[in-house]
Amino acid sequence: MKIRSIETFCTEFVGFVRVTADSGAEGWGQVSPYNADITSQIVHRQIAPWALGQDALDIERLIDIIPLREHKFPGSYLCRAMCGLDTALWDLRGKLEGKSVCALLGGTPRPLRVYASSMKRDITPEDEAARMLRLRDRHGYDAFKFRIGAECGRDVDEWPGRTEEIVSTMRRAMGDGVVLLADANSGFSAKRAIAVGRMLQDHGVSHFEEPCPYWEIEQTKEVADALEIDVTGGEQDCIIPNWRRIIDMRAVDVIQPDVCYLGGMIRTLQVADMARRANLPCTPHSANLTMVTLFTMHLLGAIPNAGKYLEFSIEGPDYYPWQDGLFRNWPYAIRDGKVTIPSEPGWGIEIAPEWLERASYRQSTAT
């Protein structure tokens with residue numbers, strides 16, 4: 001069964017991919033969010049030439065060969081575009097076999113515990129705690145992640161004293177029965193991160209994400225070695241040898257690959273397996289409610305070293321207006337702090353036809 005066509009439907013922020021085989025079978029996937037219109041161009045320029053006419057079911061071979069054919073472009077955009085092909089082919093295969101992607105990977109669709117993940121720094125600690133409490137009462141969340149420092153902030157906080165204030169405020173407001181996680185988004189030097197990490201430990205925070213500039217792996221390892229709290233990271237990393245180095249040197253205690261940034265399920269499974277062999281858990285990054293959270297749900301249902309949680313963004317249309325109206329069947333209902341992996345064939349999702357009609361469209365076909 002050969003790949004006959006690859007189509008993209010995109011806006012600036014979201015890009016969906018439809019792959020159709022010569023049998024008429026088709027599957028839907030997604031390129032990485034953000035600059036999805038640029039990434040969709042790369043799908044047609046640098047992905048489609050190597051995929052059209054190839055075996056639609058040999059996903060691993062395609063995802064292995066494309067970086068070799070495009071060896072002069074080993075970076076983020078190529079990986080973000082490969083994700084569109086990879087995830088569409090998994091959906092196609094699942095529909096052919098009548099299985100969910102989770103089941104194709106050897107897992108069983110089931111409820112997953114989630115942590116409510118805040119993206120906001122332009123919010124006071126009191127307001128952040130108040131909205132977390134509302135979510136706890138409405139949806140049963142018992143784990144919450146909040147932001148500290150400033151994104152790539154070089155030890156300069158979002159505003160003076162905010163980090164110290166939000167840590168104490170969150171613990172005081174949420175009580176001892178709630179799990180707290182904190183994300184620094186590459187905000188601190190190693191010295192400052194160690195000091196902040198000790199404060200997090202004192203307040204019972206269990207997860208310290210991306211404390212140092214993510215590209216400074218040695219700094220992150222210094223922090224991980226100095227603290228008892230789990231130091232986590234990896235969302236930005238898309239190069240497999242970099243992942244091998246991160247895991248071999250144990251720069252983090254929990255790995256957090258992003259399925260879309262890394263290049264799809266095949267490559268994320270490779271990284272998760274590296275971590276499994278090193279006895280490290282995998283709690284992927286999935287910070288918006290496009291298909292990336294759905295991909296992550298299926299992944300966590302299948303890998304043996306899945307972490308304790310699924311990251312679940314709590315930001316709605318006021319923060320991410322481009323998330324609105326993507327799907328005909330919403331896959332992200334939270335009940336008792338859990339979301340259930342779809343059991344329908346493929347990803348178990350249908351893209352909203354109204355959204356597709358508004359999107360920019362392009363097609364590449366086999367000659």
Side-chain angles (χ1 to χ4, degrees), residues 87 94 99-120 128-146 170-171 173-183 204-207 209 230 232 235 254-260 265 268-269 272 281-317 319-320 323 326-350:
T87 54
K99 296 180 179 180
S100 69
V101 174
C102 178
L104 289 177
L105 298 174
T108 302
R110 58 182 173 83
L112 298 171
R113 185 184 182 193
V114 306
Y115 69 77
S117 183
S118 169
M119 305 297 139
K120 291 187 176 182
E128 184 73 298
R131 75 171 183 149
M132 297 292 195
L133 286 169
R134 290 193 296 270
L135 288 167
R136 181 199 65 184
D137 295 342
R138 188 179 309 140
H139 299 293
Y141 292 108
D142 63 359
F144 299 87
K145 187 171 80 177
F146 57 94
M170 287 293 293
R171 177 51 75 199
M174 306 305 293
D176 293 335
V178 164
V179 174
L180 293 180
L181 306 88
D183 190 346
V205 178
S206 60
H207 165 121
E209 185 168 336
D230 280 344
T232 75
E235 70 185 70
V254 179
I255 67 161
Q256 293 183 282
D258 183 297
V259 174
C260 286
M265 297 293 283
T268 309
L269 287 164
C282 177
T283 302
H285 175 257
S286 52
N288 58 76
L289 300 182
T290 63
M291 288 181 79
V292 63
T293 295
L294 187 63
F295 302 154
T296 305
M297 289 161 62
H298 285 265
L299 178 83
L300 287 174
I303 61 174
N305 57 327
K308 300 174 184 177
Y309 319 97
L310 168 76
E311 178 176 20
F312 193 86
S313 171
I314 59 173
E315 309 305 344
Y319 192 87
Y320 287 147
Q323 290 183 159
L326 295 177
F327 309 119
R328 174 170 280 181
N329 55 326
W330 185 244
Y332 298 136
I334 302 294
R335 296 183 180 88
D336 298 324
K338 296 179 180 179
V339 66
T340 299
I341 304 165
S343 58
E344 295 83 4
W347 299 118
I349 197 71
E350 182 180 354

Quiz prompt | Listed once per pair and sorted, the salt bridge (charged side-chain N to carboxylate O under 4.0 Å, His left out) pairs that draw on residues 290-309, sequence neighbours left out | solution = none
Quiz prompt | side chain to side chain donor-acceptor pair (under 3.5 Å) partners for T232, two or more places apart | solution = H207, Q256
Self-check item: Nearest non-hydrogen partners of G307 and L300, listed with the distance
Solution: N-CD2, 4.3 Å
Quiz item: Does any pair with a residue in residues 284-301 pass salt bridge (charged side-chain N to carboxylate O under 4.0 Å, His left out), and if so which ones, sequence neighbours excluded?
Solution: none
Exercise. Among residues two or more places apart or on two chains, list those pairs meeting side chain to side chain donor-acceptor pair (under 3.5 Å) that have a residue in residues 287-307.
Key: Q30-T290, N288-T290
Quiz prompt | side-chain contact (heavy atoms from CB on, under 4.5 Å) partners of A182, counting only residues at least two apart | solution = F146, I148, L200, V205
Practice problem: Output every pair passing side chain to side chain donor-acceptor pair (under 3.5 Å) with a member in residues 99-108, not counting sequence neighbours, ordered by first then second residue. | Solution: none
Quiz item: Sequence neighbours excluded, which residues qualify as side-chain contact (heavy atoms from CB on, under 4.5 Å) partners of A173?
Solution: A129, L133
Exercise. Mind checking ring-ring contact (aromatic ring centres under 6.0 Å, His included) for Y309 and listing every partner two or more places apart, or none if nothing turns up?
Key: Y115
Practice problem: For E128, check side chain to side chain donor-acceptor pair (under 3.5 Å) against everything at least two apart and list the hits. | Solution: S118, R131
Self-check item: Contacts of F295 that satisfy ring-ring contact (aromatic ring centres under 6.0 Å, His included) - sequence neighbours left out
Solution: W347
Self-check item: Check: M119 main-chain N/O paired with E315 side-chain donor or acceptor under 3.5 Å
Solution: yes
Quiz item: So how far is it from N329 CG to I349 CD1, rounded to the nearest 0.5 Å?
Solution: 4.0 Å
Quiz item: Does any pair with a residue in residues 101-117 pass salt bridge (charged side-chain N to carboxylate O under 4.0 Å, His left out), and if so which ones, sequence neighbours excluded?
Solution: R113-D142
Practice problem: Considering non-hydrogen atoms only, spot the tightest contact between S206 and V179 and give its length. | Solution: OG-CG1, 3.5 Å
Quiz item: If only atom types and distance count, is the side chain of D258 paired as donor or acceptor with the main-chain N or O of E235 below 3.5 Å?
Solution: no
Quiz prompt | Euclidean distance, L310 CG relative to S286 OG, rounded to 0.5 Å | solution = 4.5 Å
Quiz item: Applying side chain to side chain donor-acceptor pair (under 3.5 Å), which residue pairs with at least one partner in residues 331-345 are found, sequence neighbours left out?
Solution: none
